[in-house]
2 protein chains.
Amino acid sequence: MTTTAHTGACPSGDERVMLVGLLFETNARLSRALGAELEESCDLPLPWFDVLLQLRRADEGHLTMSQLADATVHSTGGTTRLIDRIEAAGLVARQSCPTDRRAVHVAITVQGNEKLNEALEAHLVHLECRVADRLTKSERATLTELLTKLKGDD
Amino acid sequence: MTTTAHTGACPSGDERVMLVGLLFETNARLSRALGAELEESCDLPLPWFDVLLQLRRADEGHLTMSQLADATVHSTGGTTRLIDRIEAAGLVARQSCPTDRRAVHVAITVQGNEKLNEALEAHLVHLECRVADRLTKSERATLTELLTKLKGDD
DNA sequence: GACAAGTTATTGCATACGCAACTAATATGT
DNA sequence: ACATATTAGTTGCGTATGCAATAACTTGTC
């Protein structure tokens, strides 16, 4: 009797299973490529870029650690360490929240803003080859719509 | 003079930047949720599930380490350790390749096959809520098509 | 106003992963 | 044929991250 096998009639090729597999793979390849390119051109890790972007988009110009953790889909513990590193590099600053002494506001610094501008400029170039050359504007709109639905609210 | 700022006219809201951000976020939330559910119901980490799935889909019933690394989008070093763990659990087996003595074939074991069947069954239930409830069959087909284009060949 | 229960952030610990260096085997070019 | 280049896999090392426990604070209830 052999110790291995590759039979099995289970739906390993099921359309939905394939779809999420494809989503995971596409994300992995794209984030790997874009992350390497961003690191190469700007010396900025992708997770740092994500943090800076979330902060710039924030209404008041700052977010709490929890909000940032949720926005970047990290644990709060991971976010603490991530912000530690970005803050040590001078790109963001922690500030005490005036209305809740447990909370910490994270804001982007002037230096962080400059870095983000530089990174966005490079990122857009990379996106040209990796995204715009592969999907038309209307396909991108459709994809945005479908991903928004898929993401859900949780 | 303040040390922080949140101004900046750069295209942080650019349609393409938003799209890849959405892709990353959707992937993170979905893989976190599905991974936790799979771990909960089958005690199987998502990366292990991915490996087993890739092996079952492989033509000959086995893949080399390099093929597996590419299929799962990991480094070869990471794949070595990953297979170490899955092999220690008895779900896959390394075999020497008859035609190339550098290469190692990885095959799914009987036990791995059973585990995969169990996991697929559970996974399909989870996909029902997380995917099928959010996208119609035709939307899923469109999404598959767009992601395939976006993934590219690299 | 005091206490219980929930929330916010940080820390210790464990682990998974990538990179670069290395070894072994194979392919290529002259 | 032999030297060189290429490829396959493993290992050492560094690091990023999640989980669970903890401390500080807030909120709701009586």
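Throughout, protein chains are lettered first and strands after them, A, B, ... in sequence-line order, and every chain is numbered starting at 1.
- For the pair A/Asp84 CG and C/dA9 C1', the computed distance is 11 Å after rounding to whole Å.
- Side-chain atoms of B/Asn117 and B/Glu121 include no donor-acceptor pair closer than 3.5 Å.
- Hydrophobic clustering, with ILVMFWY side chains joined whenever heavy atoms are under 4.5 angstrom apart, groups A/Trp48 together with B/Val17.
- In the 5' to 3' direction, nucleotides of DNA chain D lying under 4.0 Å from heavy atoms of chain B begin and end at D/dT7 to D/dG18.
- The backbone N or O of A/Leu68 sits nowhere less than 3.5 Å from a side-chain atom of A/Gln54 that would complete a donor-acceptor pair.
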If you restrict it to nitrogen or oxygen atoms, what contacts under 3.5 Å exist between nucleotides 17-20 of chain C and the protein, and what is each distance?
{"residue": "C/dC17", "atom": "OP2", "partner": "B/Arg85", "partner atom": "NH2", "Å": "2.7"}
{"residue": "C/dG18", "atom": "OP2", "partner": "B/Ser75", "partner atom": "N", "Å": "3.1"}
{"residue": "C/dG18", "atom": "OP2", "partner": "B/Ser75", "partner atom": "OG", "Å": "2.9"}

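- Counting only residues at least two apart or on different chains, the side-chain hydrogen bond (donor to acceptor under 3.5 Å, both in side chains) pairs with a member in residues 122-134 of chain B are A/Arg16-B/Glu128, A/Asp154-B/Arg130, B/Glu37-B/Arg130.
- No side-chain heavy atom of B/Leu52 sits less than 4.5 Å from a side-chain heavy atom of B/Asn113.
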Practice task
Decide yes or no on side-chain contact (heavy atoms from CB on, under 4.5 Å) for A/Thr64 and A/His105, but give the supporting numbers first.
Solution key: CA-CA 5 Å; A/Thr64 66; A/His105 281 338; 3.9 Å; yes
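- Between B/Arg102 and the phosphate of C/dA24, there is no side-chain N or O to OP1/OP2 separation shorter than 4.0 Å.
- The CG-C1' distance, from B/Asp100 to C/dA24, rounds to 11 Å in whole Å.
- B/Met65 places its CE atom 16 Å from the C1' atom of C/dA25, with the value rounded to the nearest Å.
- By the 4.0 Å N-to-carboxylate-O rule, A/Asp70 lies close enough to B/Arg29 to be salt-bridged with it.
- B/Glu145 has no carboxylate O lying under 4.0 Å from a charged side-chain N of B/Lys149, or vice versa, which leaves the two without a salt bridge.
- Per the geometry, CD belonging to B/Glu39 stands 13 Å off P belonging to C/dT15, to the nearest Å.
- Atom CG in A/Leu63 sits about 10 Å away from atom P in C/dA9, given to the nearest Å.
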